[in-house]
Number of protein chains: 2
Amino acid sequence: MISDPAPPGAVPPPEGSPGTLGWQGIRDVMMDRIRARHYAPGALIPNEADLAAEFGCARATVNRALRELAEAGFLDRRRKAGTRVIAEPRRKATLEIPLIRAAIEDLGAAYSFRLLTREIAPPPPEVRAALRLEDDVPLLHVVTLHLADAVPHMVEDRWVVLATVPAIEAADLTRDNPNEWLVRNAPYSEGTMRCGAALAGAMASHLGCTAREAVLVVERATWLDGAPITLARQHYAPAYGLTLAL
Amino acid sequence: MISDPAPPGAVPPPEGSPGTLGWQGIRDVMMDRIRARHYAPGALIPNEADLAAEFGCARATVNRALRELAEAGFLDRRRKAGTRVIAEPRRKATLEIPLIRAAIEDLGAAYSFRLLTREIAPPPPEVRAALRLEDDVPLLHVVTLHLADAVPHMVEDRWVVLATVPAIEAADLTRDNPNEWLVRNAPYSEGTMRCGAALAGAMASHLGCTAREAVLVVERATWLDGAPITLARQHYAPAYGLTLAL
DNA sequence: AGGCGTTTTATGTCTGCACATAATCAGCCT
DNA sequence: AGGCTGATTATGTGCAGACATAAAACGCCT
């Protein structure tokens, strides 16, 4: 049965006006109802046709509104089974993957970088494993120091699969840093990302801190249709943190 | 002008078949074209009506496909100006905010928790600042240790604004841990989330590690329509990292 | 009871069509 | 030239109707 008569509090303002609120308005009203528990957690809500009648609009408009709420993780929609309020919504935080130059400039600092290492070498086993590499081919290995107002901000240790992105071998990475070159020239279709913490250790000298300080480590690997592209491990300066949007 | 004749490589399979590929198919074809630079980075793509004619479908179907690509950060759409390929796509990683119990059980471990502290106290200045609290009212302060297979996994230090969520004062937080209680009973409309690194320090005793190890720290604050709800600082056990999806 | 098709139902998607809205562009006036 | 105004144009949104599809519910048969 449907929890129509609003058990506890009630914030349902669909009003008697015709249908001038659009799909965003309908989404907002439905969101309010979910929050106010007009629709109980876990309960079914009315079907699209009924809601369309209530809001005085077409079913497609209700569909658009409910689809968004489902994508946002508040509703569970299944054919024939109807639409259900998720009792324990698993919300998502999103992280805009920073183009390093842009991230630093957004901080109001002047960006610069230094290429510390550039070599073609066989990767260590963990790198091969992380990229799911089968052959033991040499990769391009670059270490880049990124600075904000000439102060070390992040060290990026990156391996690039030349077989997948041969053009990078000829690129002048002292002009465009590897991060930017890849963003512009190597689209990817899949990837993994993990962030953790570690002691600065060997990175301390680059970051201008002591080896015993804690730094944020971000590791990202990318593929294009199954072909490995690159693995990057980034060590940020102490006290720096990533901000995600909810 | 539009980069229609495909400059470098070309992967445009719209074929002569009528219109049996649906909006997802159209999205995929367009994605392939962007990756193959059939549409040059920064260039305009054909308008919806033309694409609809090419794919043999209605404009609404093309619209749906392009809207998704725009949301994913590959296209920039503006009324009258048309749709443009973003040259340096700023991609987003998403983190499913874990219900701690579920996160640990997904690891294949048995979940348990211990409430270490429960008090009502005035918050320190940084907590007030993070929640944008104006009055100097006392908050509920709980510290919870979450364990995976009886091994310490994370310590959560949380402040809850009683004025916004009075019901939590009566809740039995030794049954439902604060995390779960809030997810079920305190919906939020806005929030911030930040993750960084720190030395274990005073948390070491709870986490079963030394004070000089690096641990991941996640700080989350939430509001409901501007009213502050809670601030949580979570210290994870050493070596644990968050995995984001690209 | 138990198992197996068939019906029913709610959502998913598509089609044409229409109008709204924003932003560009051209042309006009001063 | 400079600036305002209005036409043009591409996207944003809406509607009504239709068919597709998944899955639950029902009923039938054994």
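None of these values were measured; they are calculated from a predicted model. Letters A, B, ... are given to chains in the order of the sequence lines, protein chains preceding strands, and every chain is numbered from 1.
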(request) Please give the angle, rounded to 10 degrees, between the axes at the start and the end of the helix from dA1(C)-dT30(D) to dT30(C)-dA1(D), where five pairs define each axis. (result) 0°
(message) Any carboxylate oxygen within less than 4.0 angstrom of a Lys/Arg side-chain nitrogen, looking at Glu54(B) and Arg33(B)?
(response) yes
For residues 93-101 of chain A, run the donor-acceptor check on the side chains, cut-off 3.5 Å, and write out each pair with its distance to 0.1 Å, sequence neighbours left out.
from: Glu96(A); atom 1: OE1; to: Arg90(B); atom 2: NE; distance (Å): 3.4
from: Arg101(A); atom 1: NH1; to: Glu180(A); atom 2: OE1; distance (Å): 3.0
from: Arg101(A); atom 1: NH1; to: Glu180(A); atom 2: OE2; distance (Å): 2.6

(request) For Asp76(A) and dA22(D), give me the distance from atom CG to atom C1', rounded to whole Å. (result) 14 Å
(request) Return yes when atom CZ of Arg184(A) has more than 12 non-hydrogen atoms of other residues, nucleotides or ligands closer than 6.0 Å, and no otherwise. (result) yes
(message) Expressed as a whole number of angstroms, how long is the span from Ile45(B):CD1 to dA10(D):C1'?
(response) 12 Å
(request) Please confirm whether any donor atom in the side chain of Arg59(B) sits under 3.5 Å from an acceptor in the base of dG12(D), or the reverse. (result) yes
(request) Check whether any side-chain N or O of Asn185(B) sits under 3.5 Å from a backbone N or O of Trp181(B) as a donor-acceptor pair, and report yes or no. (result) yes
(message) For dG12(D) and Gln24(A) - does any side-chain N or O of the residue sit under 4.0 Å from the phosphate oxygens OP1/OP2?
(response) no
(message) I'd like to know if Arg77(B) and Glu48(B) make a salt bridge, using a cut-off of under 4.0 Å between side-chain N and carboxylate O.
(response) yes
(message) Taking any heavy-atom pair under 4.0 Å as a contact, classify Arg64(B): base, sugar-phosphate, or nothing.
(response) sugar-phosphate
(message) Classify Ala49(B) by what it touches in the nucleic acid, base, sugar-phosphate, or nothing, heavy-atom distance under 4.0 Å.
(response) nothing
(message) Applying ring-ring contact (aromatic ring centres under 6.0 Å, His included), can you list everything that pairs with Phe74(B), at least two apart in sequence or on another chain?
(response) none
(message) Measuring from the side chain of Asn63(B) (C-beta onward, heavy atoms only), which nucleotide among dT13(D), dT11(C), dC15(D) has the closest atom?
(response) dT13(D)
(message) Using whole Å, what does the distance between atom C1' of nucleotide dA10(D) and atom CG of Leu44(B) come to?
(response) 10 Å
(request) With sequence neighbours excluded, tell me which residues meet side-chain contact (heavy atoms from CB on, under 4.5 Å) with Glu219(A). (result) Ala130(A), Leu231(A), Arg233(A)
(message) Regarding dT13(D), can its base be found pairing with the side chain of Arg67(B) as donor and acceptor, where the two atoms are less than 3.5 Å apart?
(response) no
(message) I need the CZ-C1' distance between Arg84(B) and dA10(D), as an integer number of Å.
(response) 13 Å
(request) Before giving the answer on side chain to side chain contact (heavy atoms under 4.5 Å, CB included), spell out for Arg37(B) and Val85(B) the whole-Å C-alpha distance, their side-chain angles and the decisive distance to 0.1 Å. (result) CA-CA 10 Å; Arg37(B) 307 210 175 185; Val85(B) 178; over 6 Å; no
(message) Using a 4.0 Å heavy-atom cut-off to protein, can you give one letter per nucleotide of nucleotides 5-10 of chain C, 5' to 3': B if the base is in contact, S if only the sugar-phosphate is, - if neither?
(response) ----BB
(message) Strictly below 4.0 Å: does Thr61(A) bring a side-chain N or O up to OP1 or OP2 of dT13(D)?
(response) no
Result block: side-chain N/O donor-acceptor pairs under 3.5 angstrom for residues 159-172 of chain B, not counting sequence neighbours:
from: Trp159(B); atom 1: NE1; to: Asp157(B); atom 2: OD1; distance (Å): 3.4
from: Thr164(B); atom 1: OG1; to: Pro228(B); atom 2: O; distance (Å): 2.6
from: Asp172(B); atom 1: OD1; to: Thr174(B); atom 2: N; distance (Å): 3.1
from: Asp172(B); atom 1: OD1; to: Thr174(B); atom 2: OG1; distance (Å): 2.6

